Amino acid sequence: MPRLAKTTYTEQSWRIHELTSDFSVEDVWAFRTPGAGPDDFPAMLAAMRAAGGPVQQAWPVRFLFAVRWKLGALLGWDKPSAGIGARVASLRDRLPGDVRAASRGPDNEGMPLDAVYELDKESARELANKTVHTVMHLGWVRGANGEYELRMAVLVKPNGWFGRLYMAAIAPFRYLIVYPALTRQWERAWCDRDHAAECEEERS
């Protein structure tokens, strides 16, 4: 199963830990990248960007996102006044000098999260609205089988009781629909890049 224990994230010496002591770890997920080496994290990020964001997902995921954005528009969840730099400060304001000097990473309309930083083995993006301030952390880790794989951790700071209720309400949709679809998309992105032989060998 791609879902992992939260300790598999907290036990790693990520730079993100310096910025998120007031966030809780919501989810930790693993993505297989057959044939990957220790320096292939930038290649994985490039493959993910080429695969596109939520608009390139299967129709159930696109439907869920469409419903969420529609509700947000109707209820005012996603107003600029509730976002990064307004309701909450960006994590970029917390960056130590060496991380601030590194690449931030590109922003694009297909990805609703803003780039915070991008290093050789980890990156972070953030999103804030009336419900939560959330961070998607991606890391490059050597797994139990000795191969390198992508790990995703979702960190959350709910906006009061409403934010906590919101996170509880969407949990079944994340686990049953969104994350499995994301797993298929990102693992396929790696295999469609130039590692088809390794992926075929793993399937056989």
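Just so it is clear, the structure is predicted and the values come from calculations on it, not from any experiment.
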Is any side-chain N of the basic residue among [X] and [Y] closer than 4.0 Å to the acidic one's carboxylate O?
X	Y	answer
Asp78	Arg68	yes
Arg174	Glu26	yes
Glu118	Arg49	yes
Arg32	Glu149	no

TODO: May I ask you to establish whether Arg3 and Tyr175 are in a cation-pi arrangement, using a distance under 6.0 Å from NZ or CZ to the six-membered ring centre and at most 45° from the ring axis?
DONE: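 Yes, a cation-pi geometry.
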Pair [X]-[Y], side-chain donor/acceptor within less than 3.5 Å:
X	Y	result
Trp77	Thr131	no
Arg151	Tyr9	no
Asp27	Tyr179	yes

What distance do [X] atom [atom1] and [Y] atom [atom2] have between them, rounded to the nearest 0.5 Å?
X	Y	atom1	atom2	answer
Trp14	Ser123	CH2	OG	9.5 Å
Met44	Trp186	CE	CH2	7.5 Å
Arg94	Ser21	CZ	OG	6.5 Å
Asn159	Met167	CG	CE	12.5 Å
Lys130	Ser81	NZ	OG	6.5 Å
His137	Arg15	NE2	CZ	10.5 Å

- [ ] State which residue, out of Thr134, Asp114, Asp107, fulfils the side chain to side chain donor-acceptor pair (under 3.5 Å) condition with Arg125.
- [x]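 That would be Asp107; it is the only one of Thr134, Asp114, Asp107 passing the side chain to side chain donor-acceptor pair (under 3.5 Å) with Arg125.
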For residues [X] and [Y], report the shortest heavy-atom separation together with the two atoms involved.
X	Y	answer
Asp40	Gly35	OD2-O, 4.4 Å
Ala128	Ile84	CB-CD1, 3.5 Å
Glu122	Phe41	N-CE2, 3.3 Å
Asp93	Ala89	OD2-CB, 3.6 Å
Thr8	Leu4	OG1-CB, 3.4 Å
Phe23	Lys157	CD2-N, 3.6 Å

Taking [X] for the side chain and [Y] for the main chain, is one N or O donor matched with an acceptor at less than 3.5 Å?
X	Y	answer
Lys121	Asp39	no
His17	Gln12	yes
Glu126	Leu91	yes
Asn129	Val132	yes
Arg104	Ala115	yes
Asp192	Ala189	no
Trp140	Asp120	no
Thr20	Ile16	yes
Thr33	Tyr148	yes
Lys6	Val25	yes

Task: Intermediate values then yes/no, ring pair (Phe, Tyr, Trp, His ring centres under 6.0 Å), Trp161 and Tyr166 - done: CA-CA 9 Å; Trp161 65 266; Tyr166 172 82; over 10 Å; no
Open item on the list: Using the rule given for side chain to side chain contact (heavy atoms under 4.5 Å, CB included), can you reason through Leu150 versus Leu138, listing the C-alpha separation, both sets of side-chain angles and the distance that settles it, and then say yes or no?
Closed with: CA-CA 7 Å; Leu150 181 72; Leu138 299 176; 4.2 Å; yes
Check whether any side-chain heavy atom of [X] lies under 4.5 Å from a side-chain heavy atom of [Y], and answer yes or no.
X	Y	result
Met48	Gln185	no
Leu182	Met152	yes
Pro180	Arg184	yes

Open item on the list: Could you work out, with salt bridge (charged side-chain N to carboxylate O under 4.0 Å, His left out) as the rule, every residue matching Arg142, not counting sequence neighbours?
Closed with: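 Result, salt bridge (charged side-chain N to carboxylate O under 4.0 Å, His left out) vs Arg142: none returned.
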TODO: Return yes when atom CZ of Phe63 has more than 12 non-hydrogen atoms of other residues, nucleotides or ligands closer than 6.0 Å, and no otherwise.
DONE: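 Open: at most 12 neighbouring heavy atoms sit under 6.0 Å from CZ of Phe63.
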Open item on the list: Please evaluate residues Val154 and Val135 with respect to the criterion side chain to side chain contact (heavy atoms under 4.5 Å, CB included), reporting the C-alpha separation (whole Å), side-chain torsions for both, the decisive distance (0.1 Å), and the verdict.
Closed with: CA-CA 6 Å; Val154 176; Val135 178; over 6 Å; no
- [ ] Flag yes if Val88 and Leu113 sit in one hydrophobic cluster, no otherwise; membership is Ile, Leu, Val, Met, Phe, Trp, Tyr, and two members link when side-chain heavy atoms are under 4.5 Å apart.
- [x]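 Hydrophobic grouping puts Val88 apart from Leu113.
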TODO: Kindly indicate, with the supporting measurements, whether the criterion side chain to side chain contact (heavy atoms under 4.5 Å, CB included) is fulfilled by Trp69 and Leu71.
DONE: CA-CA 5 Å; Trp69 302 137; Leu71 282 174; over 6 Å; no
